[in-house]
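Worksheet: the structure to be examined is printed underneath.
In the text below, chain A, chain B and the rest are named by the order of the sequence lines, each starting its count at 1.
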Amino acid sequence: MRTSTEALVKALLRNPLSIKSRSQAQQLHAQVLKFQASSLCNLSLLLSIYSHINLLHDSLRLFNTIHFPPALAWKSVIRCYTSHGLPHQSLGSFIGMLASGLYPDHNVFPSVLKSCALLMDLNLGESLHGYIIRVGLDFDLYTGNALMNMYSKLRFLEESGRQRLGAGEVFDEMTERTRSVRTVSVLVGNEGRKVSDMEAFNYDVSCRSREFEAQVLEIDYKPRNQYRELEACNLGQQIKDISHSKSEDSVRKIFEMMPEKDLVSWNTIIAGNARNGLYEETLRMIREMGGANLKPDSFTLSSVLPLIAENVDISRGKEIHGCSIRQGLDADIYVASSLIDMYAKCTRVADSCRVFTLLTERDGISWNSIIAGCVQNGLFDEGLRFFRQMLMAKIKPKSYSFSSIMPACAHLTTLHLGKQLHGYITRNGFDENIFIASSLVDMYAKCGNIRTAKQIFDRMRLRDMVSWTAMIMGCALHGQAPDAIELFEQMETEGIKPNHVAFMAVLTACSHGGLVDEAWKYFNSMTRDFGIAPGVEHYAAVSDLLGRAGRLEEAYDFICGMHIGPTGSIWATLLSACRVHKNIDMAEKVANRILEVDPNNTGAYILLANIYSAARRWKEAAKWRASMRRIGIRKTPACSWIEVKNKVYAFMAGDESHPCYEKIREAMEVLVELMEKEGYVPDTSEVHHDVEEEQKKYLVCSHSERLAIVFGIINTPAGMTIRVTKNLRVCTDCHTATKFISKIVGREIVVRDNSRFHHFKNGTCSCGDYW
DNA sequence: ATAGGGTTAG
């Protein structure tokens with residue numbers, strides 16, 4: 001009896017792979033002790049079993065009982081530290097092993113090299129490479145693979161100053177993994193209110209009509225993935241250039257000198273090339289791999305797909321998808337999540353969903369891929385729906401989940417949702433994560449809470465360009481141009497180079513603040529000092545500013561001098577400036593330009609008709625309205641919405657079918673009377689001329705934002721700020737009217753329109769004359 | 001003993 005059990009124990013010890021769970025390992029451990037078989041050799045074998053199933057604490061406990069650990073014991077602990085993301089401890093043990101006089105052999109270097117990669121320490125990696133050559137292990141298959149992996153992960157450190165940021169990212173990642181969950185009772189920006197748990201996260205999308213959802217997306221916003229396509233085109237040349245640089249050399253050299261190569265070697269070099277953006281080279285290697293009689297597996301495919309996504313190359317992506325189907329890997333959890341991401345980055349969300357549906361097993365990453373995919377393409381409600389489904393599937397949201405979903409709250413301006421998520425983020429200690437913090441800054445700014453946005457930004461330990469840009473854009477959105485400029489300068493002093501988005505942010509700030517000289521300064525410096533060619537958006541910001549400042553001729557010449565063909569929408573901003581400054585001659589000139597490049601530009605027709613009406617040139621106005629009808633273009637209906645008690649209420653202009661319409665109308669009548677006493681005169685100049693005067697007044701009073709504001713006054717406690725969002729620009733009359741309303745009801749009113757926030761308080765507006 | 005997927009600003 002006893003001998004047979006002993007034999008079994010021995011057999012198990014010799015076959016560590018057969019043990020898969022902690023209890024099995026502990027049973028074996030107990031039996032070893034029971035039979036007093038705890039020889040040095042057996043204990044080391046046990047240790048290697050513990051480390052194999054990644055039990056760090058058990059491994060260490062056992063390790064500490066051994067007085068003179070043999071090499072196997074050391075190597076097990078080193079391996080375990082590395083796979084727990086503890087490179088310092090791993091390398092410390094490696095040094096301990098050498099110090100105790102043991103000789104390193106072929107199966108310790110893979111873990112040690114991986115630790116170098118985790119530490120982002122290229123110097124150490126190179127020293128180790130030298131050491132490996134001296135002990136004659138540089139032709140070992142596993143060591144060679146690990147060397148290639150280390151170099152491909154650290155090569156970029158040579159090339160630029162990205163080292164600091166990279167180290168920061170690694171640090172974030174590490175702290176996140178090792179940090180225990182902590183509870184924080186005071187919630188930043190949550191006004192001390194206790195936030196319900198994520199389990200209670202319940203977002204009611206049904207209270208909004210389909211029409212409203214369509215409207216929300218019309219707010220001046222281009223889904224992020226549409227930029228990716230543009231950027232990928234512009235980056236094409238650079239990518240080719242990099243692939244001829246020396247960065248691939250050492251990895252390639254190791255690969256070519258390896259006497260024996262396996263699938264892992266191929267996958268490692270392919271993944272390495274992919275990580276370093278060597279597009280053509282990576283694709284070439286996959287073909288070459290086929291020549292060596294190796295078929296791409298899930299590792300190969302899942303490391304190539306992100307590169308294809310980055311290049312927005314849908315045809316290559318489909319090829320790979322086809323390949324994964326042929327290999328039976330299209331439902332592999334790794335391949336599928338990169339497929340979802342690839343399709344989303346190519347703006348093919350429907351295909352992403354199809355891949356997602358086929359998945360039988362879903363982890364946090366596959367959920368996040370589909371959530372991020374929706375959000376990046378502007379499908380915010382779908383993103384939120386998937387997020388809730390993920391919670392219901394009992395998948396705990398991680399840092400990635402929050403940074404993916406937060407933009408949805410930001411763009412929908414649903415502050416209650418964002419706050420709820422923020423509460424969860426704080427309680428789980430995620431708020432140090434740079435992605436999350438930046439998305440929170442953006443969310444609070446977009447939801448009108450610029451103070452909280454600043455608080456969070458100020459508390460960030462590490463800031464990258466995205467964080468700065470989010471904050472600068474936030475200031476721009478709130479008309480705080482001087483703050484935005486100060487931040488931009490500060491960013492440069494901290495050695496962070498602005499990109500075209502950062503310039504966009506600072507130019508927007510200048511434009512909203514009417515700072516013409518500053519705008520010129522930044523516009524010129526962008527190309528001169530940073531080599532960034534201005535895009536349409538930059539031109540638009542400057543010409544918009546010139547137009548608003550009344551420098552119409554200057555703006556006209558500026559647009560004519562653009563190095564890329566001006567779009568209809570750029571001309572349209574100038575046209576609206578012509579309206580504000582009542583310059584009909586220029587308006588006609590500009591209108592002709594618009595119709596040349598974009599004959600179906602809705603905005604131009606409407607603006608022109610309005611300009612003629614305002615000048616009482618009814619005939620021309622009617623002519624333009626008629627041609628609008630003839631072509632069949634219709635004005636985008638204005639729509640405003642307000643959040644009251646965690647519910648969103650939407651209003652269309654003059655929508656009498658709204659359930660609250662009567663109450664609003666009654667309140668409005670009282671209000672208008674008070675306003676007129678204070679000196680309010682409705683500006684009806686842009687309303688159709690054949691409408692009665694009384695009717696005109698009624699029309700301007702039924703503008704969507706006014707309905708929403710009055711609804712807010714009726715339905716929220718006195719003293720509370722009223723926050724309204726509108727899909728289009730606030731019109732002149734509403735701007736004036738809201739000033740009066742804020743004074744009469746003694747409340748702060750914040751209106752967000754398609755480009756900015758207007759803070760109305762006590763009869764004034766934060767944006768003054770520039771809006 | 002080695003290799004792989006998802007995140008923030010426009």
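Of the charged side-chain nitrogens involved, none lies within less than 4.0 Å of a carboxylate oxygen, so that Asp431(A) and Arg459(A) do not count as a salt-bridged pair.
Distances from the side chain of Phe435(A) to the nucleotides dG4(B), dA3(B), dT7(B) place dT7(B) closest. If you check dT8(B), dG6(B), dG5(B) against the side chain of Ser369(A), the one that comes closest is dG6(B). For Ser298(A), whose side chain is taken as the heavy atoms from C-beta onward, the closest listed nucleotide among dT2(B), dT8(B), dG4(B) is dG4(B). Distance from the side chain of Lys345(A) is smallest to dG6(B) among dG5(B), dG6(B), dT2(B).
Closest-nucleotide positions on DNA chain B for Tyr227(A) and Ala372(A) were compared, and the one nearer the 5' end corresponds to Ala372(A). Both Ser338(A) and Arg228(A) lie near DNA chain B, and the one whose nearest nucleotide falls closer to the 5' end is Ser338(A).
Judged by distance alone, with hydrogens and angles left aside, Asn368(A) brings no side-chain donor or acceptor close enough to the base of dG5(B) to form a pair under 3.5 Å. Under 3.5 Å, the side chain of Ser439(A) and the base of dT8(B) form no donor-acceptor pair of N or O atoms. Between the base of dG6(B) and the side chain of Ser337(A) there is no donor-acceptor pair shorter than 3.5 Å.
When heavy atoms are screened at a 4.0 angstrom cut-off, Arg362(A) is found touching no nucleic acid atom at all. When heavy atoms are screened at a 4.0 angstrom cut-off, Gln226(A) is found touching no nucleic acid atom at all. Contacts of Thr268(A) with the nucleic acid, taken as non-hydrogen atoms under 4.0 Å apart, involve only primed sugar atoms and P, OP1 or OP2. Nucleic acid contact for Ala146(A): none, since no nucleic acid atom lies under 4.0 Å from a heavy atom of the residue. Using a 4.0 Å heavy-atom cutoff across all strands shown, Lys261(A) reaches no nucleic acid atom at all. When heavy atoms are screened at a 4.0 angstrom cut-off, Lys75(A) is found touching no nucleic acid atom at all. Here His52(A) lies in heavy-atom contact (under 4.0 Å) with sugar-phosphate atoms only. Residue contacts shown for Ile371(A) are absent, as no nucleic acid heavy atom lies under 4.0 Å away.
Asp341(A) places no side-chain N or O within 3.5 Å of a backbone atom of Ala309(A) that could act as its donor or acceptor partner.
Note: CG (Leu329(A)) to C1' (dA3(B)) measures 15 Å, nearest angstrom. Protein atom CG of Leu305(A) is 15 Å distant from nucleotide atom P of dG4(B), rounded to whole Å.
In this view, Glu486(A) satisfies the salt bridge (charged side-chain N to carboxylate O under 4.0 Å, His left out) rule with no residue, not counting sequence neighbours. Listed by chain and number, the residues in a side-chain hydrogen bond (donor to acceptor under 3.5 Å, both in side chains) with Ser152(A) are Arg275(A) (sequence neighbours excluded).
Both the sub-6.0 Å distance and the 45° axial angle are satisfied by Lys261(A) relative to the ring of Phe255(A).
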